[in-house]
Each structure stands twice: as C-alpha cells, then as structure tokens.
Amino acid sequence: MYGTSCGTPVRARRSGAEIGHLVGLCFALVFFVLMTLFSYVRIRGYVSDGSAAIILMQNVLFNPFVWFMAGATIQAVRRRPTILTVAAFVITGLNAATQLTLWRNIMDVAINFTFILLLVLGIVGSASAWANRDLDGRPVPVTLAAGMCAGLAAREVFAFARALYYVMIRENDPETLMPGPWSSVASILRFSLPPALPLALSLISFAGALLGISGILAPRGGGARGRLVMGSLIAACTYIVFCALPAEVDPKYSGSLFAPRLVSALVLGTLLLLSLSLPVLMSGRQWFEAQKQAKTDPAATGIR
C-alpha cells in the first residue's frame, strides 16, 4: 500500500529524494559489479581451472545484497516504498565488520571496496528512507528499523544456505552448519563456547527480525508498531551478544598471518545495528495509528 491508498497523495513528479534514491541505486549496482569483476580477476590469478567462475557464481547467488538491490531498484522504478535498500546497507555493514575481524586495523578495511560501498549505501539508504516518507508518509525511523530486520533475517538465511552448500556439495564436515562469528561459514574463526549457545542466540535474533518485519508488512493490524519495535530491538541486541561471544582462530589456521580484531568489529556492528533500531522507539506511533484508522475509514488523512 502506498500513496493515496494510505491517505497521503503521491506527487505527480518524483521528489528529489526519489530521484536521488534511484540514481544512487544505479551507482551502487555499477560499483558492486566492478567489485565483483575485480575479485574475479584476483581469483583467476590464484587458480588455473574453472573454479574461479564457480566461486564468482557462489558470491552472487549466496549474496543477499544482490537480491535486495534488485528488489529495491524495481520498487524505486514503480514508485513503491521499500525497506530493501536499508537492508542492503545492513548486509554491507555486517560484511565490513566481518572483514575487520581478519584485518589489522580500520584503515586496512577502509581501503577495501566493501567499506567504500558501505559509505555509498549509507547515503542511498538515507535517500530511500526520505523517499518512503514522500510516498506513504512513514517516518524515517520506521524504514530504518524494518530494513535492519530484513537485513539480519536475510543474512541468517543466506548463511545457512551457504553452509548447506559446503556440507552437501563440497562434502565439508557437518559442523560447518553451526553458525560462526558474524554468521560466517567455513571461517578461520570459531566460537570458544559450546555450539548450543551461539545457535540459540542466532535463532532468537532471526525470530526477532521476522517479528519486526511482520509489523511493517501488516501496518494496519493490531500491535504492528509494537511488533516492529520489539522485533528490531530483540534482533539487534541478540545479534550483538551473538557476535560478542568469545572466538578463537581455528587450529587449522594457526600458522596464518590473520590477526583478528574482534573488538573493533563489535564496535562497528553495534553502532550500525543500534543506530538503526533505537530511533523507532520515539517515532512512528501516529503513522501506525493512521494506518489502523485507514483500515476502517479509507478517507482518513493526516499521516505523518
């Protein structure tokens, strides 16, 4: 639902935020394609068979960023409100935090393409939130919290799908199915605690994200705002605790040159998730109330 169906007239022409969002999406997609091609060229330098193409396909098919950006572009062209751009921003931010665990300091990550893409998506995601406000009146914090929930839920789903691929296709050890730090799969890092605890936290975070998404998918239902607020906070806080669990380098990689920086990564991930989930605590009440009123009175207006 959007525009006049929610009580907010849609402009005949695209607003500046809508145009900026659409242009930003195109720029981010082009940048991602260049990143992928550069990665493919680097992989080709290490392998001589066709495995480079297989790795490239995995990085595309098992990357929720690709699907989020494709969906966000379709929604932007159709002038529909979307949370997918913010979700892509969350995915990229968590990927940057994951990379930070394996690099020496933040400056090493800053020169990486992932961090540059994160900055680009931060701007595009902001434009998306303001474009949504122009389209159906939803407050910016509502878009941010819902997008964070979508990003976290997709990260868990795609991580499990990748783990299944490693176990079933590449015949890795079944322990690969257990989530690693930052939802990593076949990583050099592993949790120092029994696997039941990180698995439970991962599932709770996933359930919280689904709860939050249900609030934005059915904004006219009873308790929609409560589901979004509670779901986003549960998902964010539980995932932060999940990533804060003690981890160590797998003995198989003890002779590698990797120097995990778990604290720096945790700070980045915490700032990212809390900055997107907390603002909705003080916002969105009037918009959700207007959605409920529009359910019984289609002529209801005044959504802010």
Side-chain angles (χ1 to χ4, degrees), residues 1-33 63-92 117-151 153-154 212-221 224-225 227-228 232 276 279-280 283-304:
M1 76 186 73
Y2 72 106
T4 53
S5 65
C6 293
T8 303
V10 173
R11 302 178 183 180
R13 296 182 177 180
R14 295 181 184 271
S15 65
E18 290 183 70
I19 296 174
H21 179 217
L22 190 55
V23 172
L25 284 172
C26 295
F27 179 82
L29 281 171
V30 171
F31 188 80
F32 176 77
V33 170
N63 190 347
F65 173 88
V66 175
W67 305 102
F68 279 143
M69 292 298 287
T73 302
I74 293 174
Q75 292 292 82
V77 170
R78 299 178 62 200
R79 300 194 69 188
R80 301 296 199 269
T82 180
I83 62 174
L84 301 182
T85 308
V86 177
F89 170 68
V90 172
I91 290 293
T92 307
L117 182 61
L118 175 64
L119 297 179
V120 172
L121 283 176
I123 299 173
V124 181
S126 299
S128 167
W130 286 104
N132 286 351
R133 185 178 177 88
D134 292 338
L135 290 170
D136 71 350
R138 71 181 63 181
V140 170
V142 171
T143 297
L144 298 182
M148 186 216 66
C149 289
I213 293 172
S214 71
I216 198 64
L217 290 181
R220 295 184 178 186
R225 179 178 180 273
R227 294 197 303 273
L228 175 62
S232 60
L276 295 177
V280 77
S283 179
R285 189 180 303 276
Q286 293 182 357
W287 184 77
F288 279 103
E289 288 296 329
Q291 300 301 306
K292 293 170 61 177
Q293 184 180 358
K295 183 178 181 179
T296 56
D297 181 9
T301 58
I303 300 175
R304 293 191 293 166

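Both backbone and side-chain heavy atoms feed into the values below; hydrogens, waters and symmetry mates do not. Residue numbers run from 1 in the order of the sequence given.
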Fill in: Considering all heavy atoms, the nearest Phe65-Leu117 contact
CZ-CD2, 3.9 Å
Discussion item. Set out, in order, the CA-CA distance, both residues' side-chain angles and the distance that settles side chain to side chain contact (heavy atoms under 4.5 Å, CB included) for Val142 and Phe288, then state yes or no.
Written reply: CA-CA 10 Å; Val142 171; Phe288 279 103; 4.1 Å; yes
Discussion item. For a 4.5 angstrom cut-off between non-hydrogen side-chain atoms, does Phe89 reach Leu118?
Written reply: yes
Discussion item. Between Ser126 (side chain only) and Gly122 (backbone N and O only), is there a donor and an acceptor less than 3.5 Å apart?
Written reply: yes
Worksheet entry | For Pro64 against Ala154, the heavy-atom pair lying closest together | CB-CB, 4.0 Å
Fill in: Heavy-atom closest contact (Ala87 atom, Gly151 atom, distance)
CB-N, 3.7 Å
Practice prompt. Could you tell me the separation between the CD1 atom of Ile213 and the CZ atom of Arg227, rounded to the nearest 0.5 Å?
Written response: 12.0 Å
Fill in: Trp287 side-chain N/O to Asp136 backbone N/O, donor-acceptor pair under 3.5 Å
yes
Worksheet item: Can any side-chain N or O of Asn132 pair as donor or acceptor with the backbone N or O of Val140 at less than 3.5 Å?
Response: no
Worksheet item: Only one of Gln291, Gln286, Lys292 clears side-chain contact (heavy atoms from CB on, under 4.5 Å) with Glu289; which?
Response: Lys292
Fill in: Heavy-atom side-chain contact between Met69 and Leu25 under 4.5 Å
yes
Item to complete: Would you mind reporting whether Phe31 and Val120 have side-chain heavy atoms less than 4.5 Å apart?
Response: no
Practice prompt. Please tell me if the side chains of Glu18 and Leu135 come closer than 4.5 Å, counting only heavy atoms from C-beta onward.
Written response: yes
Worksheet item: Looking only at atom types and distance, does a side-chain atom of Arg225 sit under 3.5 Å from a main-chain N or O of Val280, one as donor and one as acceptor?
Response: yes
Worksheet, complete the sentence: Heavy-atom nearest pair, Ile83 first then Ala150, reads CD1-CB, 4.0 Å
Discussion item. Would you say that Phe32 contacts Asn63 through its side chain, given a criterion of any heavy-atom pair below 4.5 Å between the two side chains?
Written reply: yes
